[in-house]
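First up is the structure itself, then whatever we jot down about it.
Here is how names work: the chains are called A, B, and so on, in the same order as the sequence lines, proteins then strands, and each is numbered from 1.
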There are 2 protein chains.
Amino acid sequence: MRVLKPEVAKERKEKILRWVVQQFVESRRPIGSQLLADSALKDISSATIRNIMKDLEEEGYLYQPHTSGGRIPTDKAYRYYVDYLTGIQRMAAQERERIEKQYDERVGELDNVMLKTSRLLAHLSGAAGFVYSANVADQVVKRLDFLPLGGGTLLAVLITESGTVRHWPVRLGYDLAPSKVRLLSNFINAEITGMTLNEAQKFLWQYIKAGHREVADIADVAVQVLKDMQKPRADGDELYIEGLGRMLETTEEADYEDLRQMMRIVEERQRLSGLLAEKMDDLRRSGKDVAVSIGSENEIKELQNVSIVSSTYRVGDRTVGMLGIIGPKHMQYTKVMSLVKLMGDLLEGSISAWNALPGKEDDYE
Amino acid sequence: MRVLKPEVAKERKEKILRWVVQQFVESRRPIGSQLLADSALKDISSATIRNIMKDLEEEGYLYQPHTSGGRIPTDKAYRYYVDYLTGIQRMAAQERERIEKQYDERVGELDNVMLKTSRLLAHLSGAAGFVYSANVADQVVKRLDFLPLGGGTLLAVLITESGTVRHWPVRLGYDLAPSKVRLLSNFINAEITGMTLNEAQKFLWQYIKAGHREVADIADVAVQVLKDMQKPRADGDELYIEGLGRMLETTEEADYEDLRQMMRIVEERQRLSGLLAEKMDDLRRSGKDVAVSIGSENEIKELQNVSIVSSTYRVGDRTVGMLGIIGPKHMQYTKVMSLVKLMGDLLEGSISAWNALPGKEDDYE
DNA sequence: TATTAGCACTCTTTTAAAACGTCTGCTAAT
DNA sequence: ATTAGCAGACGTTTTAAAAGAGTGCTAATA
């Protein structure tokens, strides 16, 4: 291993490492010393580069797929590269503006923002884009309304502060007078607005058990509603992934197997949800903007050949979800990281605009 | 061209054609005369088969990718094959039961049936499954409600007879008293239930223009609502496609280009929607159960290497949507056709159960 | 007259060998 | 410490040959 003039040497070593990663991301084929010496690092001879690369290999940053033939970055190298980039990333104002414009055009009104945002992410990155919303039960309720459908059924409509609108049928088995439905709606909204769904549930249970007079006649309805409220959770958290198709375009024949594996996971939403939930926690705790998980850093086996670039989004001061892209390890991290960050901001903006509307409280009668 | 004993000859010719198609669907490589003579048609010599195949080629049923090397079915051959199959298809009771059970488990309550159905279709067929719902504007309204969000905004919730629930924000710019909102809801529901959205819109315009006293004070709100009602149409019709990932699994390297093309189309929903709308019309008119479009029979260029098996579903006596699968031309038509048919029935059943609930009318005050 | 066996020919696919290019590791010179 | 130069390694591409599969035609057959 080379020694002497430690800072200078280290500097140069890292520079070479960065070049290898960068070149590899672009060309997707092993990088040799000559190539580097000729293209990027004209002031260092290929022999020197060779020596340094050997050191880097010993340190676990590079990997030689065949005895003779260039070297490829390991996950550790990507990790270094991404960490290095983290400070640098900034998007050209022009680019930023272009994306913001597209966001306004394509996402627009707060109807299915999550879906649309994930599509736009996919579109702009050329990889798969996702938007994930943590457990609905932990989200703050903006409104919970009931529409009478007749036939002993109500349609519950839940609106959260993050703009999600969910609805599900509640079967009572008998019809409820419209006025009673209204009473129920008004009562619930007056009481639970501002709580999380979980809190609301607990609160309502208490309230009913306490046997308050004004809800006596709708108590059993409320109970039924509470029971059904759990149901949306069966699907797990909300997760949109789009643009898997586009990945076919940017993937090389050789990497199809990786892609296949990935698809398998994506179809199996449960596990991915789990992973994202965890990642969200990490990210929130670390306080970082954008997180990058590279290959083997992902616990799920099938994802060890892809990278995930993700960011959280907040409602008020609560972190309620994540968004990002899933793509090949050799992606353009610089670009993608800024993109994800920006989209996160835009999504947050979109939600807080929606949220500026204070969930109007009817006074119940 | 062979002549003589016309019926017998024709019979055998078709038999050979069917075998070629069937073998090709399984092996995905050109079928030669020897192969057939050895495997399936042991009582006819390869030479005879050769002669007949030549005839079939002249008639446009088979195609020789290389001067020497087996033959491949043309779209015309698939068409013949599918038509032949149409009479035969029937699913084993056992299989049917298994699928019905899965449907109950996985689709269940009428919450996002369309999405879930398309996922199940994909899952069971190994190809991409879709469910398409025709223009919302032509669907019968079951309810149209408004929830006050405050900040000069209402959330409109539209429930159609086919079980679709749509919602969109209506910005009024000023707040409406809760009682007024209720009045609006009740009035609208009492009047328009049972109309299509389009009819409802026309009706309401007339009503407002006529200046009826009881709606005078909410007229401008109604106008705004009507305007915003158009919006959901911007997305075009509702279309869910799932399972594109799974197609990777069943596709061979060589056919990836076809797959890529297909994905491109799917991302571009507009055109696909158009195609499906047309197809739905054809299907409804012909009165057939299941339609199969093979390769070049699809107008869209990018879809000329895939087949679409589709069926319609009804609400009452109105055909409101389609469902089916998109897959490789060489798919197991027998299986897929029965599957699509069955899923259509199940979806219809699911909707009509929901629809048994009569959109409860409040009498407005 | 329809069917079949046999054969020469064509064309793709597979296999093998050779030529090429790129990279490494080492050594000696700077 | 760096560099130039060179031998050896190994993947990739090119080229050539062999194998395999199928066709069309003709002559024999039932």
Polar pairs (N or O, both sides) under 3.5 Å between protein and nucleotides 24-30 of chain D?
{"from": "D/dG24", "atom 1": "OP1", "to": "B/R71", "atom 2": "NH2", "distance (Å)": "3.2"}
{"from": "D/dG24", "atom 1": "N7", "to": "B/R50", "atom 2": "NE", "distance (Å)": "3.2"}
{"from": "D/dG24", "atom 1": "O6", "to": "B/R50", "atom 2": "NH2", "distance (Å)": "3.4"}
{"from": "D/dC25", "atom 1": "OP2", "to": "B/K54", "atom 2": "NZ", "distance (Å)": "3.0"}

So which protein nitrogen or oxygen atoms get under 3.5 Å of nucleotides 9-12 of chain C's nitrogens or oxygens?
{"from": "C/dT10", "atom 1": "O2", "to": "B/S68", "atom 2": "OG", "distance (Å)": "2.9"}

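Under the 4.5 Å side-chain criterion, counting only non-hydrogen atoms from C-beta, A/L276 is not in contact with A/S273.
Take A/R18 and apply the side chain to side chain donor-acceptor pair (under 3.5 Å) test, not counting sequence neighbours, and it matches A/Y80. Partners of A/K329 by side chain to side chain donor-acceptor pair (under 3.5 Å), not counting sequence neighbours, listed by chain and number: A/D75. For B/E278, the salt bridge (Lys or Arg N to Asp or Glu O under 4.0 Å) criterion is met by no residue, not counting sequence neighbours. Checked against salt bridge (Lys or Arg N to Asp or Glu O under 4.0 Å), A/R246 has the following partners two or more places apart in sequence or in another chain: B/E267. Taking A/R264 as the reference, B/E249 meet the salt bridge (Lys or Arg N to Asp or Glu O under 4.0 Å) condition, with sequence neighbours excluded. For A/Q64, the side-chain contact (heavy atoms from CB on, under 4.5 Å) partners are A/E57, A/R71, not counting sequence neighbours. By the side-chain contact (heavy atoms from CB on, under 4.5 Å) test, A/V21 pairs with A/L17, A/V25, A/P73, A/A77, A/Y78, A/Y81, sequence neighbours left out.
Pairing of C/dT30, defined by two Watson-Crick or G-U wobble distances under 3.5 Å, is identified with D/dA1.
In this structure, B/D38 places its CG atom 16 Å from P of D/dG20, rounding to the nearest Å.
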